[in-house]
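This report refers to the structure that appears directly beneath it.
On a predicted model such as this, the values are computed, not experimentally measured, just so you know. Chain identifiers are assigned alphabetically (A, B, ...) following the order of the sequence lines, protein sequences preceding nucleic acid strands; residue numbering begins at 1 within each chain.
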Amino acid sequence: MAGRDDDAVWITGVGLATTLGRSYDELAANLMAGKSGVGPVTHFDPSEQPCQVAACLGPMSAPEGWDPAEYARLGPWEQVLIWTAVNALRDAGYWERRSDLRIGLVLGIGGEWVLTWEGGMQRGDDRVFDPERDHTCLTTFTRESLGLTGPSATVAAACASGNVALAQARRWVQRGWVDVCLAGACDRSITPMGMAGFGNLGALTKRNDAPEAASRPFDRGRDGFVMGEGGAVFVLERADRARRRGARAYGEVAGVGATSDAFHMVIPSSDPAPCVRAMRSALADAGVDPDTLDYVNAHATSTPVGDAFEARALREVLGGAARTVPVSSTKSMTGHLLSATSAVEALACLAAFDRQAVPPTINLDDPDPECDLCHVAHEARPHRVETALSNSFGFGGSNICVVFRRVA
Amino acid sequence: MSATAPYRSEAVPSTPTGCAVEAYGVVKVAAEEIAALRKAPGPLGGRTIPPSLLKHADHQTVLALAAVLRAVDDAGWQDRSFADWGLIAAPRFLGRILVAAAMERFKGRGVPGMSPLIIPTLSLHAVAGSLSLALKIHGFNYGVGGGHGHLGEALLTGLAARDDNGVPGVWVVATQFSPEPVPDVSGHATNASFGYGVALALSSSPTAAARSRLNLRVVPTSALEAEAGDDDRDVAGNDPPSGLVALGGFLNRSPVSHRPRRWYCPLPGGGAVALDDDPARGAAAGGSTRVVKAG
């Protein structure tokens, strides 16, 4: 079905908050420049943590038109969601007339309540023991704060949550349940318990003395991922609608493939078949032949097992084209934003369309032979990019891949 | 980004979008009985579930699996493979009891006291991921909801994804405690609370929708304003007609006549998901309630 113009769903607005930028142009420029957003953790004492580096967002400022004092009172998740959603609507030209439309909202958020309760503990109020304080979830908060009148949902597939949100929003638009849909994801898990949880899993890097070199997907010296935080929200609408109003189209959400390993809650399956099937389904849904694919934004988090596993699956999907289709992992620059990571990586795909270049994998000094692919190391590569595959794989065995297409 | 002159919203389609509910299972369990259910979640048929899967899982994962197993058993699907199905699981306030205990350990022992299992087993994806392992599902598995409104979000998400990537069906499972448990620091509830789980097997086959007695669909605002309830918040123990407890009751209440019945779950922003039970349209879906009485 996808690929047919009457069903096409376009991205016509973006809002983002990352360590590499809080506007699309700033992020795109920094990704193409190969900048790292990783540094030491400073907003709490990480000295007991196995990993002490991350891509931390820092203080946020209120979006245009929002009362700064009111914004400052919001929690860290709420601040990111308001910033990204407001700016996405403004970017699309819908902010002033959002109440005229039935605008839906789908957000990928995986650890909302655990982190809400931890936040209470850090403030000394232990709200986990008082259920009556848990009223409004983040998605409802965002919908109500923005005065949206369409349905909303929180979705999660761990580190693939952002792609789930895009997949759902695309369906809501295609099924006509909404006129326009906001979709995206947010994560602010760089907390004492969050870092301890991933650190005790052995999933995080221990390169504490070299933060900018710590995230090194596909490199032989990789030793775990670097946590990141932030988020991105997109405005999705039907192509005919966007075309009619002369909207800027960043790209089409052209195809989605989603499968489960059914193998282990944390460890990727030794069988690449489900992962391969997710990529192939996304490509088929988009009507894109692997040979003609222009760019792969890999999930590659910089873990020894995961990167090699993904490279193996990619070689199977791409076949002979594995030697020519450029692949990069922008987590080398942004860190791994967990629930929000695929939303930010969607931005990297849109930037590749916009700049006609592939953002690099930085720190790829010594490519692991087990990760043999057509890597774009260190520097962006000028390249014709009409289609891009964004991979995301999450705990719980979720493989969710999205194909984006450039809109001419 | 510039835009042209504003125009009014295009109408939400009046054509119902729905699919058949081919099986269902409902579970109600006193909080103190979860431990027993964890050891024996239900009739497994020929399936094997890794012993470690439920050992560290949250209580709501146990409830969700029990609801699905009940549905499978009642539908006579013991030998059916769900390998190609999709799965959506919607807990409400997942992990409150276990997180309370984990936070206490973290306070006392610091970083070494943080279990590496908290994130994989208590994040929103955890119930769906665990069930995909238990049922050997290789279609999608998504966590949905997490707070109030989880049931409506799950049903809407399930309907949206009902034929994604050609899945023949989607399990939609919603769970909650009611009233919400008030935990102590040792990982136990200090109040009387029941765990609820409802599993629905949605079919993506159009022919199934045409012959099924139970059908789930999205209804636009204009069609239901006079009928739908308010919201489904029930932390205080009051379950409104649109909530999960009421859905379980609807599924298991035998109709007093052959007249069609309808249950609504309002959606935020207007509209609803409706479950229609029309005895004249076909055989009842397989399903029943499992109640484990406290004490």
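- When A:Ser152, A:Pro274, A:Gly104 are compared by the number of non-hydrogen pairs under 4.5 Å with chain B, A:Ser152 comes out ahead.
- The part of A:Val256 that comes within reach of chain B is its backbone (N, CA, C, O), which places non-hydrogen atoms under 4.5 angstrom from that chain.
- Between B:Phe93 and A:Trp113, the angle of the ring planes goes over 60°, which puts this pair in the perpendicular group of the 30/60° scheme.
- Put simply, the side chain of A:Glu112 gets close to the backbone of A:Leu138: a donor and an acceptor are under 3.5 Å apart.
- The heavy-atom pair separating B:Arg162 from B:Gly18 by the smallest distance is NE-O, 3.9 Å.
- Geometrically, A:Arg98 engages A:Trp95 in a cation-pi contact defined by less than 6.0 Å to the ring centre and at most 45° from the axis.
- Heavy-atom pairs under 4.5 Å with chain A peak, among B:Thr190, B:Leu87, B:Leu156, at B:Leu156.
- If you tally non-hydrogen atom pairs under 4.5 Å between each of B:Leu135, B:Ile119, B:Leu267, B:Asp84 and chain A, the highest count goes to B:Ile119.
- Using a 4.5 Å cut-off between heavy atoms, A:Ile400 contacts chain B through its side chain alone, with no backbone atom that close.
- The residue among A:Gly202, A:Ser260, A:Ser281, A:Ala196 with the most heavy atom pairs within less than 4.5 Å of chain B is A:Ser260.
- Heavy atoms of B:Val167 lying under 4.5 Å from chain A are absent altogether.
- Note on A:Pro192, A:Cys137, A:Gly111, A:Gly397: by heavy-atom pairs under 4.5 Å with chain B, the leading option is A:Pro192.
- Contacts between A:Arg127 and chain B at a heavy-atom distance below 4.5 Å involve the backbone alone (N, CA, C, O).
- The contact between A:Phe198 and chain B is made by backbone and side chain atoms together, counting heavy-atom distances below 4.5 Å.
- Looking only at heavy-atom pairs under 4.5 Å with chain A, the residue among B:Leu94, B:Ile118, B:Asp164, B:Leu117 that has the most is B:Asp164.
- For the side-chain contact (heavy atoms from CB on, under 4.5 Å) with B:Trp171, the lone residue among B:Ile137, B:Asn141, B:Leu202 that qualifies is B:Ile137.
- For the set A:Gly108, A:Ala203, A:Ala258, the count of heavy-atom pairs under 4.5 angstrom toward chain B peaks at A:Ala258.
- The residue among B:Ser115, B:Gly95, B:Ser130 with the most heavy atom pairs within less than 4.5 Å of chain A is B:Ser130.
- With 3.5 Å as the limit, one finds a donor-acceptor pair spanning the side chains of A:Gln174 and A:Arg171.
- In this structure, B:Ala189 and B:Pro181 approach most closely via the heavy-atom pair CB-CB, 3.8 Å.
- Only the side chain of A:Val266 has a heavy atom closer than 4.5 Å to any heavy atom of chain B.
- If you check the side chains of A:Asp271 and A:Ser269, you find no donor sitting under 3.5 Å from an acceptor.
- Classified by interplanar angle (parallel below 30°, tilted 30° to 60°, perpendicular above 60°), the ring pair B:Phe140/B:Tyr142 is parallel.
- Ranked by heavy-atom pairs shorter than 4.5 Å toward chain B, the options A:Ser339, A:Gly394, A:Gly110 are led by A:Gly110.
- Contacts with chain A were tallied for B:Gly139, B:Ser123, B:Pro120; B:Gly139 has the most, counting heavy-atom pairs under 4.5 Å.
- Looking only at atom types and distance, the side chain of A:Asn399 has a donor-acceptor partner in the side chain of A:Asp261 under 3.5 Å away.
- In this structure, chain B has heavy atoms under 4.5 Å from both the backbone and the side chain of A:Pro151.
- B:His59 and B:Arg38 are linked by a side-chain donor-acceptor pair at a separation below 3.5 angstrom, with hydrogens and angles left out of the test.
- Proximity to chain A involves both the backbone and the side chain of B:Ala100, based on heavy atoms less than 4.5 angstrom apart.
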